[in-house]
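Below: one structure, written as structure tokens.
Chain A is the first sequence line, chain B the second, and so forth, proteins listed ahead of strands; every chain is numbered from 1. Because only heavy atoms are used, hydrogens play no part in the values below, and waters and symmetry mates are left out as well, while side chains stay in.
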Amino acid sequence: MPELPEIESLRREQAEHALNRRIAGVDLRDPERLRGARPDDLTAALSGFHFDSVTRHGKILFLGVSSGWKLAIHFGMNGHIALYGEGGAEPEHTRLVLDFADGGRWAFADMRRLGWVELTDDIAAYLRSQEVGPDALTLDAGSFAKRVGGKRGAIKSALMDQATIAGIGNVYADEILFHAGIIPDRPAHDLDDPALNRLHGEMQAILREAADRGGFHGELPACWLYHRRGDTGHCPVCGHTLNTRQVGGRTSYLCPACQT
DNA sequence: CATCCTGTTGAGGA
DNA sequence: TTCCTCAACAGGAT
């Protein structure tokens, strides 16, 4: 569940269903998923308290705890959170379980073990220390052009660099560039101001619409490139045969007719 | 059996 | 300083 829209959907779900429920038990099944703290520290920060806020920055979710700590969660490639009742089905590859006093359960599952949880008491300082850039959904057009437009490398690599802008991964980078009509391996500094402006507008429109539709697990618009990934299909807009190529080591899908 | 993959990190090099 | 590639991390799908 990895990119910004999926995490934003998760944030909304957690805001609705995970807040103000007393945490009675903490079961860290995989201690290696906890960074920068001991398992006992995690229990002390959570047990007997409740989540009182939930925010997101880029691909990181922050669950505010009534103890004052924030639980930062990164989902890696496949991580997700499940909420289920007592005796309900626990997801496969569960790495951390919280038992609520009301009998419900909260589980962080992460098949490939590329995600992690971490405690911080200052989100802004945490983001600085991790070198996470501004969130893609709230970054203004001028700052976007300044940060992205100066890069020498491929525009797709700049969009995916979390220190430059936070939240975009391989799939949405392709989607954004497709709708903006830009080839993914164009050098970022080749883009003029109108192109950067268009790219910024498409970036926010696509991320926002995807988040509103529930991300990968929802129903993304039929005209999106997303549905054509994984096969040698045709462009959903013009019908031209799609291309794939490696950009920054990642497989990229594009329409050679729509994107230049 | 081989290859691919929604992400990040560190090493090594241009 | 900046940016690139590669390998590694794990496990499941194709």
Completion exercise
Of the candidates C/dG11, C/dC9, B/dT9, the side chain of A/R35 sits closest to B/dT9
Problem - Any A/K59 side-chain N or O less than 4.0 Å from OP1/OP2 of B/dT8 - result: yes
Completion exercise
Residues at least two apart in sequence or cross-chain that pass ring-ring contact (aromatic ring centres under 6.0 Å, His included) with A/F100, listed by chain then number, are none
Tabulated below should be each protein N or O lying under 3.5 Å from an N or O of nucleotides 2-4 of chain C; please produce it.
| residue | atom | partner | partner atom | Å |
| --- | --- | --- | --- | --- |
| C/dC3 | OP2 | A/K151 | NZ | 3.4 |
| C/dC4 | OP1 | A/A154 | N | 3.2 |

Exercise for the section: Using modelled atom types only, decide if a donor and an acceptor are shared between the side chain of A/N78 and the backbone of A/M111 within a distance under 3.5 Å. Expected result: no
Exercise for the section: Could you pull out all residues at least two apart from A/N197 that satisfy side chain to side chain donor-acceptor pair (under 3.5 Å)? Expected result: none
Handout entry: Qualifying salt bridge (charged side-chain N to carboxylate O under 4.0 Å, His left out) pairs with a residue from residues 184-200 of chain A, counting only residues at least two apart or across chains
Key = A/D185-A/R245
Each nucleotide N or O in nucleotides 11-14 of chain B that has a protein N or O under 3.5 Å away: list the pair and distance.
none

Exercise for the section: For A/H74, enumerate each residue passing the side chain to side chain donor-acceptor pair (under 3.5 Å) test, keeping only those at least two apart in sequence or located in another chain. Expected result: none
Problem - Consecutive Watson-Crick or G-U pairs in runs of at least 3, all under 3.5 Å, in which DNA chain B is involved - result: B:2-5 with C:11-14, B:7-14 with C:2-9
Fill in the blank from the handout: Rounded to whole Å, CD of A/Q130 lies from C1' of B/dG7 at a distance of 14 Å
Review item, side-chain donor-acceptor pairs of residues 154-161 of chain A, under 3.5 Å, at least two apart:
| residue | atom | partner | partner atom | Å |
| --- | --- | --- | --- | --- |
| A/K156 | NZ | A/N170 | OD1 | 2.6 |
| A/K156 | NZ | A/D174 | OD1 | 2.7 |
| A/K156 | NZ | A/S252 | OG | 2.7 |
| A/D161 | OD1 | A/A163 | N | 3.0 |
| A/D161 | OD2 | A/T164 | OG1 | 3.0 |

Exercise for the section: May I have the distance from A/R33 (atom CZ) to C/dC9 (atom P), rounded to whole angstrom? Expected result: 13 Å
Problem - Integer angstrom distance from the P of C/dT5 to that of B/dC5 - result: 16 Å
Handout entry: Heavy-atom side-chain proximity of A/I81 to A/I73 below 4.5 angstrom
Key = yes
Exercise for the section: Considering just the side-chain nitrogens and oxygens of A/H74, establish if one lies under 4.0 Å of OP1 or OP2 belonging to B/dT8. Expected result: yes
Practice task
Write down the distance between CG (A/L4) and P (B/dT6), rounded to a whole number of angstrom.
Solution key: 17 Å
Exercise for the section: List in chain and number order the residues that pass salt bridge (Lys or Arg N to Asp or Glu O under 4.0 Å) with A/R208, two or more places apart in sequence or in another chain; answer none if no residue qualifies. Expected result: none
Handout entry: Sequence-distant partners of A/L42, side-chain contact (heavy atoms from CB on, under 4.5 Å), two or more places apart
Key = A/V26, A/L28, A/L34, A/L46, A/L71, A/L96, A/L119
Practice task
Give every residue pair that meets the salt bridge (charged side-chain N to carboxylate O under 4.0 Å, His left out) criterion with at least one member in residues 210-219 of chain A, sequence neighbours excluded.
Solution key: A/R12-A/D212, A/E209-A/R213
Exercise for the section: Using atom CG of A/D174 as one end and atom P of B/dC5 as the other, report the distance to the nearest whole Å. Expected result: 11 Å
Practice task
Take the protein atom CZ of A/F75 and the nucleotide atom C1' of C/dG11, then report the distance between them rounded to whole Å.
Solution key: 19 Å
Identify all pairs in which a protein N or O lies below 3.5 Å from an N or O of nucleotides 12-14 of chain C, and state each distance.
| residue | atom | partner | partner atom | Å |
| --- | --- | --- | --- | --- |
| C/dG12 | OP1 | A/H93 | NE2 | 3.3 |

Completion exercise
In whole angstroms, the gap separating P of B/dG7 from CG of A/L159 amounts to 13 Å
Completion exercise
Rounded to whole Å, CZ of A/R250 lies from P of B/dT8 at a distance of 9 Å
Exercise for the section: Quickly work out the A/L114 CG to B/dC4 P distance and round it to whole Å. Expected result: 18 Å
Practice task
For residues A/K59 and A/F75, determine if any side-chain heavy atom of one lies less than 4.5 Å from a side-chain heavy atom of the other.
Solution key: no
Exercise for the section: Write down the distance separating the P atoms in C/dC6 and B/dC4, rounded off to the nearest Å. Expected result: 13 Å
Handout entry: A/Q162 side-chain proximity, nearest of B/dT8, B/dG7, B/dT6
Key = B/dT8
Problem - Min side-chain heavy-atom separation A/Q259-A/F178 under 4.5 Å - result: yes
Exercise for the section: Please examine the side chains of A/L4 and A/D135, heavy atoms only from C-beta on, and report whether any two atoms are closer than 4.5 Å. Expected result: yes
Exercise for the section: Please name the pair of heavy atoms, one in A/L199 and one in A/A180, separated by the smallest distance, quoted to 0.1 Å. Expected result: CD1-CB, 3.8 Å
Handout entry: Smallest separation among heavy atoms of A/R29 and A/V97, with atom names
Key = NH2-CG2, 3.3 Å
Problem - Out of B/dC5, B/dG7, B/dT8, whichever nucleotide has its closest atom nearest the side chain of A/T251 - result: B/dC5
Exercise for the section: For C/dC4 and B/dT6, measure between their C1' atoms and round to the nearest Å. Expected result: 23 Å
Exercise for the section: Would you mind telling me which of B/dT8, C/dC9, B/dT6 lies closest to the side-chain atoms of A/F216? Expected result: B/dT6
